[in-house]
Every structure is written in structure tokens, then in C-alpha cells.
Amino acid sequence: MEIATWNLNSITVRLPQLLEWLQENKIDVAGLQELKCDTDKFPYDELKAAGYHVAVNGQPTYNGVALVSRSEITDVSYDLPGFEDDEKRVIAGTINGIRVINLYVVNGQDPKSDKYSYKLAWLKALTAYLKTELEAHESVVVLGDFNIAPTDDDVHNPKAWKDRILCTDEERAAFNELLALGLTDGLRIFAEPKGQFTWWDYRSQGFDKNHGIRIDHLLLSPRVSARVMETKVYLNVRANERPSDHAPVSVVLR
DNA sequence: ATGACCGGTTGCACCGGA
């Protein structure tokens, strides 16, 4: 069973690439982010025709998340409970006994901005939410675009990124709080070479030069972590014509 | 490098992204 995450940066533009990637790789479950598409404008028919169940928390222009799955999705929930927020950044569902929680974490823009305070508050509410989810479910996968590069090894040029958004000590501490709930960073289960990234700037030939960062993650509860056989970063998808700036990332479970 | 590139908008330059 393969569970993946991909920030599409517009499902309207990326739909053909999404369908091709799902089919070619027989992806079982995917959390999608940055749909930039309202819930009622989601391409339900195309995903259904490809053999997928879907659950959507959409928003026009910004944000928007969805789960797509070959198996049925039950107990779907939306947003962070008890957190006042108009932005559509969270959708969760249960698939084959696994609680899959799909996140599009706040970017934060700049450490001095209001958006940064919002990001830190959002992450605090997320931590509380995940704590209750982990108490309620043994098999949990928290995946998505976390907009945090957890360590300097996750950045092509740590000096240039030092204290910049996605790399501040506070954001990294918040990420470690998530791990401290008992979650494992899926892409770090096996020894990976340095320079394994998931996002590359469209500008300055970022992908060609592998000037990237690792900000898309799959965090796994122990029950799931023990099942991981393989992890994947779909560089070939990032190499497509008219790509998203993020590559799909996945774990394969036994 | 206050840069670049991309998607979306009610647009015809901007904002946000990361």
C-alpha cells in the first residue's frame, strides 16, 4: 500500500499530471494540497473515472486540500477543531484502518510578519489536535506540505536560509513537538543521501541545480512506521513540463 | 540580490507562494 503527499499548486493546471501519476504508479492514497479550487469545482468525475474515492476541503484562489483513495474514505473531518480559521488547510479520513491527516501548513511569509504568528499559533493547535488523534487511533499518517525544513540537512544552502521562513528555530521546535508526540519522519526511516528535497524554486533553474528544500513530510505512528518498506520522491514528476514546484513523496507499506 | 517563476484574479499589475 502506497501513501503519498503532493502539493499540486493548482489542481486545475495539474489535473492531467495528477491522473497520470496516480495511474502509472498505482498510488493507493494521496493527500493533495494547494488545490486553489472551491469544493464544488473539484474534478470529481475525472478522479472517480480513474478509480478514486475523494474527500475535499476546497477554497478558491488559496489553500484547499483533498484526500484521494482507491479504498473507501470514512469518518472524514475538516479543519483544526477549536481553531478559528477561514483557511482550508486540513482534511482527515480513515482508509483501510489508517487515520490519514492531510495538512497544508501555513507558510508564514516572513518571521517578522503577522502571518508568522498565525503559523506558530496554527502549529500549536495542530499539536493538540494530533495528540487527540493519536490517542484515538493506533495507525496514523500525518502528511502534507509542512512548510518547515526540519534541519539544515533539509536545505541546499543552510547559510542562505538561516533564520528565514521555513527554517527558523521556532518552526523547527514546533516540528520537533510533532515528533515528540510519538511520530516518525517517514523519509528519514532509511539512510537517505544528502540533498533529498521535495520543493525547488521555479526561479533560477532551482530544480536543475537541485537547489531545493525538504518541506513535504509523512509522519507515522509506530504501528505504521513498522510497516514501511520503501520511501519515494517522484523527481520525474517535478521534471515534467509545467510542473508543480513540489514533487510527490510517499511511503510504501507492507 | 528589494532579483528570478508561477497561478489566480475581475486582472490588463498585483499578491502569495517558499
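Only this structure's heavy atoms are used, side chains among them; waters, hydrogens and symmetry mates stay out. Letters go in sequence order (proteins before strands), and every chain restarts at 1.
- Among the atoms of the strands shown, only primed sugar atoms or phosphate atoms (P, OP1, OP2) are found under 4.0 Å from some heavy atom of A:Arg242.
- Where A:Tyr202 and A:Ile213 meet DNA chain B, the nucleotide closest to each residue was compared, and A:Tyr202 sits on the side nearer the 5' end.
- Base engagement by A:Ser204 is indicated by at least one non-hydrogen atom pair under 4.0 Å involving a base atom.
- Residue contacts shown for A:Asp110 are absent, as no nucleic acid heavy atom lies under 4.0 Å away.
- Proximity of a side-chain donor or acceptor of A:Glu230 to a complementary backbone N or O of A:Glu2 within less than 3.5 Å is not detected.
- In this structure, the side chain of A:Arg214 does not engage the main chain of A:Thr198 through any donor-acceptor pair within 3.5 Å.
- Comparing A:Lys36 and A:Ile215, the nucleotide of DNA chain B nearest to each residue sits closer to the 5' end for A:Lys36.
- Listed by first and then second residue, the side chain to side chain donor-acceptor pair (under 3.5 Å) pairs involving residues 157-166 of chain A amount to none (not counting sequence neighbours).
- Between A:Lys88 and A:Asp38 there is no salt bridge, since no side-chain N of the basic residue sits under 4.0 Å from a carboxylate O of the acidic one.
- If you take atom C1' in B:dT10 and the same atom in B:dC15, they sit 14 Å apart, rounded to whole Å.
- Using a 4.0 Å heavy-atom cutoff across all strands shown, A:His211 reaches no nucleic acid atom at all.
- Note on A:Asp201: nothing from the nucleic acid sits closer than 4.0 angstrom, heavy atoms only.
- Contact footprint of chain A on DNA chain B: nucleotides with an atom under 4.0 Å from a non-hydrogen protein atom, first to last in 5' to 3' order, B:dA4 to B:dA18.
- Comparing B:dT2 with B:dA13, their P atoms are spaced 25 Å from each other, to the whole Å.
- Nucleic acid contact for A:Glu34: sugar-phosphate only, since backbone atoms but no base atoms lie under 4.0 Å from a heavy atom of the residue.
- A salt bridge does not link A:Lys115 to A:Asp110: none of the charged side-chain nitrogens sits closer than 4.0 Å to a carboxylate oxygen.
- Counting non-hydrogen atoms under 4.0 angstrom, A:Tyr104 reaches the backbone sugars and phosphates but no base.
- Spacing of P atoms, B:dG11 relative to B:dA1, comes out at 36 Å, to the nearest Å.
- With contacts defined as side-chain heavy-atom distances shorter than 4.5 Å, the pair A:Tyr234/A:Ile27 qualifies.
- Backbone-only contact: A:Asn147 has heavy atoms under 4.0 Å from sugar-phosphate atoms and none from a base.
- Using modelled atom types, one finds a donor on one side chain and an acceptor on the other under 3.5 Å when comparing A:Thr231 with A:Glu192.
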